[in-house]
Amino acid sequence: MDKTKTEADWYKFWEKSGFFKADPKSDKKPYSLLMPPPNLTGDPHLGHAMQHAILDSLARFKRMQGYDTLLLPGVDHAGIQFEGTFTKLLAKENLSKYNLSREEWLKKAWQFRDDVYKAFHQTWSIFGISADWSREVFTLEEKVQTGVVEEFQTFWDQDLLYKGAYIVQWCPKCGTAIEDLEMEYEERKEKLYYINYLIDGLPNPEYITIATARPETIAADVAIAIYPKHPKYAKFIGKKAINPFTQTELPIIEDKRVEKDFGTGALKITPGHDLLDYEIGKDHNLAILHVVGKDGKITELDDHLKGLNIIEAREKAVGKLHELGLLDKAEDYSHSVPICERSKNAVEPLISEEWFIKMQPLADKALKHIKEVGFAPKNYQKILTDWIEKIHDWSISRSLWWGHRIPVWYCQKSNPHHSVGKNQDLTISLNKPTIKCPNCGSTEWVQDDQVLDTWFSSGMWPMITLGWPKETEDFKKYFPWDFEISAPEIRYLWIARMIMLSLWFKDQIPFKDMFFHGTLRAMDGKKMSKSLGNGIFPKDLIDQWGTDSTRMFLYSYAAPGRDGRLNRQIADERCKNFRNFGTKLRNIERFIVELKPEGADESEGKEGLDDKNIKDELNQTITKVTSHLESFNLHLATEEIYDFLWHKFADVYIEKTKDRRAEAQPTLEYVFKTALELLHPFMPFITEELWQKLPHQGQSIMLAEWPKVE
RNA sequence: GGGCGGUUAGCUCAGUUGGUAGAGCGACUCAUUGACGUUGAGUAGGUCACAGGUUCGACUCCUGUAUCGCCCACCA
């Protein structure tokens, strides 16, 4: 072998030799690991690197143990995130959804996707990942489309899909509905306004005072609600209050959901813009009015404030109330305001037409089987169970263009408003239907405008990647997955969904072991992010210290569920340490192989006490590394093999052999070769390089048998 | 407001079933052409956040407090 072979050369050698490929036809028992598809954006970050390092070490370990190992890679189209990045890019050319057709826009989006994908892949593959690239999946490809339509169709047939007026969190900046899970809360100091509403039809003017933080929505009020038996206001039940802006009559109602001790115990009901109000309104059969539009501006419902944004409208509304003498008082009020996780914009609760899945039956089934999944750390079973127990329906439609378009086609003639109901004329299919509308005979089908939530496809990732709904050879052999890994923050969005969907569609848990790694944070405990500029890019570390060293550094943070704090300096320190370890290993090889003394070949059978001792220690190391790998404690496994090689083998044993160099040769070779095999899952490149220089059998250390205690 | 996690050497972190604490980096001392100075041999440094409790014995189990962080939540 060429001495100057680089990491990239070894990688090519492995890949060309087909060592990464799984073979469903082999007699070996399967071990399958599913790579979480990273989002199609920018450079892979440190979290990806850690995930991939963990996945790869386990894949290499299982392969050496003799399993037919599948590590399946893929990339997620990442709906909102990708569309956001792409939109900014288009804006530089003065292009947008307003001056491009959907087809033109998508064509450009795919071109951009191809560029990003290529760059992404380049960074990705230098990490030494022994993934089966022949099975790689991108979440918008045809295979996934087929699965997604099947998923949708099944829910439809089971009567679990519905569409209708529903309150959603609308982000005016992203221009789409976002889920509760995609919202953040920010503590903001605002004012709480106490406003007097005149009671209609009384001889002397009497008022009911309500407290609100959002006076700009008054025009959309449809009632005033008080808590039951309100000492001051109960007498007004059945009467009407006058809306100060629109002069319409507002019924005064009682509802136990109104908090007794907040504000005045009286609440203005604005079902179009508040979830609690929406629910109260629904139960009291109240109308739903909108005074804030999807652009975040006041609608025509309020003549006076029309066209203003929220902040301006609020100021003006307060001014007007003041003029009318209806503003009782305003007090400082600090509360958490929902903001969009991506745009950091305050979200507007709005009524919108969205598709939903009824989740209760899926949740019930998941709860019965979730115990079959082994979680690391263990407490995640409870965390997920608690969430699934409080499940709410899943809003699956997004007003985006980048994603799986909802496979619903409406008959233009007999169902022009795209409504949904069993008697309505619509059909489900991937492509434009060729059938005639059963109602009017028309063939003018129009597809639903929206796309599906990214997690609607990602949730099926464990099945779709193996060819579902087809009963493929791969599916039969590799499902359920043996191992899945995830960042903790997507445990609900993704992990809980996969468990529910997999049990629903296949009656099986999606994976046997579920590993949650911790979050790598900046020194102040905050997340690393591009915008804060506190990120560390794995690519930079690899360029400076090499892949093996970077991987070892990451394993030291791979204790299940434990966060780590670091900056570039700390990362460099640790990487440097492992780079030095690599140098140590090269010198050990030099000592054993290149400086092999005369007569060493005739030293079989001259084993001494030192040789026996180091072999005993090697055996202990084999046992510990193996068990730490099996319990997914990679931080302990790496520490163990590191300590053995450096401080037991090199510092002690090798020093002692110097007096009896020749007769120690067989032990030196055997112990070092075996230790390299134990280290291979973690430092794949250098172990291959050095293993090749020792007497060995077989083409690659990748194919070596996992060391056993002898 | 609820839930979860952290708090161990100057720094970043380990610590299987309870038996007076470990690593890497950093500091200090020594070794200088020995496989390797990207090295070796040593040394210093911790009342394991705090207060109770269980126990012969607690970093480890229980209760509470403080503090930092994360997640979740429809009090207008």
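So you know, we letter chains A, B, ... as the sequences are listed, proteins then strands, and number each from 1. Atoms considered below: every heavy atom in the structure, side chains included; atoms not considered: hydrogens, waters and symmetry mates.
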Gap in Å between the two C1' atoms, one belonging to B:C28 and one to B:G10, rounded: 13 Å
Does any N or O donor sit under 3.5 Å from an N or O acceptor when you compare the side chain of A:Glu640 with the base of B:A23? no
Identify whether any heavy atom of A:His647 sits under 4.0 Å from a base atom; if not, whether one sits that close to sugar-phosphate; answer base, sugar-phosphate or nothing. sugar-phosphate
Give me the distance, rounded to whole Å, that separates B:A21 from B:C36 when you measure between the P atoms they each carry. 38 Å
Look at the side chain of A:Ile383 and decide which nucleotide, out of B:A76, B:C4, B:A35, has an atom nearest to it. B:C4
Please state the P separation for the pair B:C70 and B:C13 - nearest whole angstrom. 15 Å
For A:Tyr555 and B:G24, give me the distance from atom OH to atom C1', rounded to whole Å. 18 Å
Could you check A:Ile570 against A:Arg521 and say which one's nearest nucleotide on RNA chain B is further toward the 5' end? A:Ile570
Does the side chain to side chain donor-acceptor pair (under 3.5 Å) test come out yes or no for A:Glu354 and A:Ser395, once each step is laid out? CA-CA 7 Å; A:Glu354 301 294 334; A:Ser395 151; 4.6 Å; no
Using distance alone, with no hydrogens and no angle criterion, decide if A:Asp651 and A:His647 have a side-chain donor and acceptor under 3.5 Å apart. yes
With rounding to the closest Å, how many angstrom separate the P atoms on B:G22 and B:A44? 13 Å
A:Tyr555 vs A:Phe682, test: ring-ring contact (aromatic ring centres under 6.0 Å, His included). Steps then yes/no. CA-CA 8 Å; A:Tyr555 294 126; A:Phe682 313 107; 5.3 Å; yes
With the threshold set at under 4.0 Å for non-hydrogen atoms, list the residues of residues 574-589 of chain A touching RNA chain B in residue-number order. A:Arg574, A:Asn577, A:Arg579, A:Asn580, A:Thr583, A:Lys584, A:Asn587, A:Ile588
Euclidean distance, atom CZ of residue A:Arg568 to atom P of B:C25 [Å, nearest integer]: 18 Å
Residue A:Arg565, side-chain atoms from C-beta onward, closest of B:G15, B:C68, B:A35: B:C68
Taking atom types as modelled and ignoring hydrogens, do the side chains of A:Lys268 and A:Thr217 form a donor-acceptor contact shorter than 3.5 angstrom? yes
Separation of A:Phe516 atom CZ from B:C71 atom C1', in whole Å? 12 Å
Separation of B:U16 atom C1' from A:Lys378 atom NZ, nearest Å, is 10 Å
Is it true that A:Lys329 and A:Glu331 have a side-chain N and a carboxylate O under 4.0 angstrom from each other? yes
Regarding A:Glu655, tell me which of base, sugar-phosphate or nothing describes its non-hydrogen contacts under 4.0 Å with the strands shown. base
Please report, rounded to the nearest Å, how far the P atom of B:G3 is from the OH atom of A:Tyr492. 13 Å
Quick one: does A:Lys390 reach the base of B:A73 with a side-chain donor-acceptor pair under 3.5 Å? no
Could you spell out the base pairing of RNA chain B in dot-bracket, with Watson-Crick or G-U pairs whose two distances are under 3.5 Å, [ ] crossing and | to another strand? (((((((..((((.....[..)))).(((((.......))))).....(((((..]....))))))))))))....
Working for salt bridge (Lys or Arg N to Asp or Glu O under 4.0 Å), residues A:Glu689 and A:Arg586: CA-CA 9 Å; A:Glu689 177 191 327; A:Arg586 287 206 168 80; 3.0 Å; yes
Measuring from the side chain of A:Val258 (C-beta onward, heavy atoms only), which nucleotide among B:G34, B:A76, B:G15 has the closest atom? B:A76
Tell me the interatomic distance from A:Ile195, atom CD1, to B:A76, atom C1', rounded to whole angstroms. 11 Å
Which whole-number value in Å describes the distance from A:Asp386 CG to B:C4 P? 8 Å
Using side-chain heavy atoms (C-beta onward) and a distance below 4.5 Å, is A:Leu46 in contact with A:Leu566? yes
Could you measure between the two C1' atoms, the one in B:G46 and the one in B:U20, and give it in whole Å? 13 Å
What's the closest nucleotide to the side chain of A:Arg562 if the choices are B:G40, B:G15, B:A35? B:G15
Carboxylate-amine/guanidinium proximity below 4.0 Å for A:Asp386 and A:Lys390: no
Indicate whether the side chain of A:Asp611 and that of A:Tyr653 have a donor and an acceptor atom separated by less than 3.5 Å. yes
Quick check: on RNA chain B, is the nucleotide nearest A:Gly265 upstream (toward 5') of the one nearest A:Asn379, or the reverse? Name the residue that is more 5'. A:Asn379
Categorize A:Asp651 for me: base, sugar-phosphate, or nothing, with a 4.0 angstrom heavy-atom threshold over every strand shown. sugar-phosphate
Taking B:A76, B:G24, B:C71 as options, the one with an atom nearest any side-chain atom of A:Leu267 is B:A76
Using the P atoms only, state how far B:G34 lies from B:A49, rounded to an integer number of Å. 49 Å
Expressed as a whole number of Å, how far does the C1' atom of B:C50 sit from that of B:C68? 15 Å
What nucleic acid atoms does A:Trp646 come within less than 4.0 Å of, heavy atoms only: base, sugar-phosphate, or nothing? sugar-phosphate
Heavy-atom closest pair, residues A:Pro36 and A:Ile485: CG-O, 3.1 Å
Could you tell me the separation between the CZ atom of A:Phe553 and the P atom of B:C25, rounded to a whole number of Å? 15 Å
Identify whether any heavy atom of A:Ile269 sits under 4.0 Å from a base atom; if not, whether one sits that close to sugar-phosphate; answer base, sugar-phosphate or nothing. nothing
Would you indicate what A:Lys658 reaches in the nucleic acid, counting non-hydrogen atoms under 4.0 angstrom: base, sugar-phosphate, or nothing? base
Using the P atom as the reference point in each nucleotide, state the distance between B:C25 and B:G6 in Å, no decimals. 27 Å
Of the options A:Thr626, A:Asn633, A:Val625, which is the one that meets A:Leu629 in a side-chain contact (heavy atoms from CB on, under 4.5 Å)? A:Val625
Under-4.0 Å side-chain N/O to phosphate OP1/OP2 contact, A:His635 with B:A23: no
Side chains of A:Leu286 and A:Ile269 in contact at under 4.5 Å (non-hydrogen atoms): yes
